[in-house]
Amino acid sequence: MKFKAMTAVAALLVAAPMLGMADEEAELVVNGEIEMVTKTDAPPHLEGALPEIMSGWRFRSDETQQTQMDDFDNPGMIFVDQAQAVWDTAEGSEGKSCASCHNDVESMEGVRAVYPKWNEEAGEVRTLAMQINDCRETQMGAEPWKYDGGDMTAMEALISVQSRGMPVNVAIDGPAQSVWEQGKEMYYTRYGQLELSCANCHEDNYGNMIRADHLSQGQINGFPVYRLKNTKLNSSHARFKGCIRDTRAETFSPGSPEFVALELYVASRGNGLSVEAPSVRN
Amino acid sequence: MMRWIAAAIVSGAPVLAAAETVAPADVTYDDYGSVEQSLTGTPGDAANGAAIVGNKKAGNCVACHQLDALSDVPFQGEIGPMLDGAGDRWSEAELRGIVANSKMTFEGSMMPSYYKTSGYIRPGDGFTGKAGSEPLPPLLDAQQIEDIVAFLVTLKE
């Protein structure tokens, strides 16, 4: 408490670099019609940790925020269009496309909002990327895509668009619970030589500047995100990898069981926020 | 220890000073986290300390702290308290302890420990994301810490 108060005073005393600061009170409506919930009450399992949850969109500069308000301005939509073509293209030994089994991609409405999700038959928690590769391998007889490669992030974005505006609602009980617990433990582990946990930055300090970066809550409701920095869609696992690497730690690999657990946990912290992908970040 | 001396020689420090250097594992913290003894025996250079505090590739303290003395350094963070007046609030020994290993002064602090080489969870090899092996080189060397301390004691309101 004392320290929060001190930093607040500090912010007042120094002309902090306000350049390009976000308008944390702005509201996000995409294409003038999809109303996104970018701030809402925290889900019950976050009791005591966060009073309310906020999308990373709230923490970006005005210009970056605007880029996400219209699909014509959102560079991430180019990849969505590309994936639409792939959806209809047959591949692999079975000569099937996604459309052969799933018809129009609109059939994927609601799917993004509940992933990662327990798959009873496989007896594992599956991320969207794992499910897509499972369909490619076992249903189509096609090669799996690189876990966080361009084909995969584009397809994830296409599937996510079908759920835009719907509340994230991943299940954390039942058989998924132990995986969720594992992810939670990771979230609070202080990795690396800098000994920093996800919570140090995204729970204790969201809203504060860390050097030139305005810290968000590290939510993944907007993933895959288009980053202006690398001009492509980025998976949540790639982001996790970067954040852990920046603590001078040995990181985990995209698609690893650890990151699947972390994804489930982090996704659940956003239960109630809207599916936003493809969102735009710096 | 080997690596340590090597680093001191590379950075051009006199070999004699290196011999007096207190190794990270040998630093004595009192109950409140202060470190009385200089880590090198060589007085710190405040100007160099200021440069390290502001340099992204060195101390990068401004990632988390703001300070008027370095108002020309852009993008100062808001994670820790302002460092203005730190020289009034803390003694030299206390500041040395805070920079060497802040967790001895502030339990569970988010501030990294700059003069510590082991006891990490999944230690990495710098910012490569690959595994590193302990003991890691400390984030700052002993003379850099002395330089920073020499700078911090000058921060009076």
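Owing to the predicted nature of the structure, the values given are computational and were not obtained by experimental measurement. As a basis for the values below, the full set of heavy atoms in this structure was taken, side chains included, without hydrogen atoms, waters or symmetry mates. Lettering of chains follows the sequences in order, A, B, ..., and the numbering in each one begins at 1.
Taking B/Met111, B/Lys130, B/Glu134, B/Met110 one by one and counting their heavy-atom pairs under 4.5 Å with chain A, the maximum is reached by B/Met110. Of the listed residues (B/Ile121, B/Val73, B/Val62), the one with the most heavy-atom contacts under 4.5 Å to chain A is B/Ile121. Counting heavy-atom pairs under 4.5 Å between each of B/Ala63, B/Pro112, B/Gly77 and chain A puts B/Ala63 at the top. Across A/Ile244, A/Thr189, A/Leu194, the residue that shares the most heavy-atom pairs under 4.5 angstrom with chain B is A/Leu194.
A donor-acceptor contact shorter than 3.5 Å is absent between the side chain of B/Lys156 and the backbone of B/Asp88.
Contacts of B/Lys56 with chain A are made by both backbone and side-chain atoms, with heavy-atom separations under 4.5 Å. Heavy-atom distances place the backbone of B/Thr128, and not its side chain, under 4.5 Å from chain A.
In this structure, A/Glu181 places its CD atom where more than 12 heavy-atom neighbours from other residues, nucleotides or ligands lie under 6.0 Å away.
Of the options B/Asp141, B/Thr21, B/Val27, B/Asp26, a side chain to side chain contact (heavy atoms under 4.5 Å, CB included) to B/Leu39 is made by B/Val27 and by none of the others.
Note on B/Arg96 versus B/Glu94: no salt bridge recorded, every NZ/NE/NH1/NH2 to OD/OE distance being 4.0 Å or above. Between A/Lys184 and A/Glu203 no salt bridge is recorded (no basic side-chain N to carboxylate O distance below 4.0 Å).
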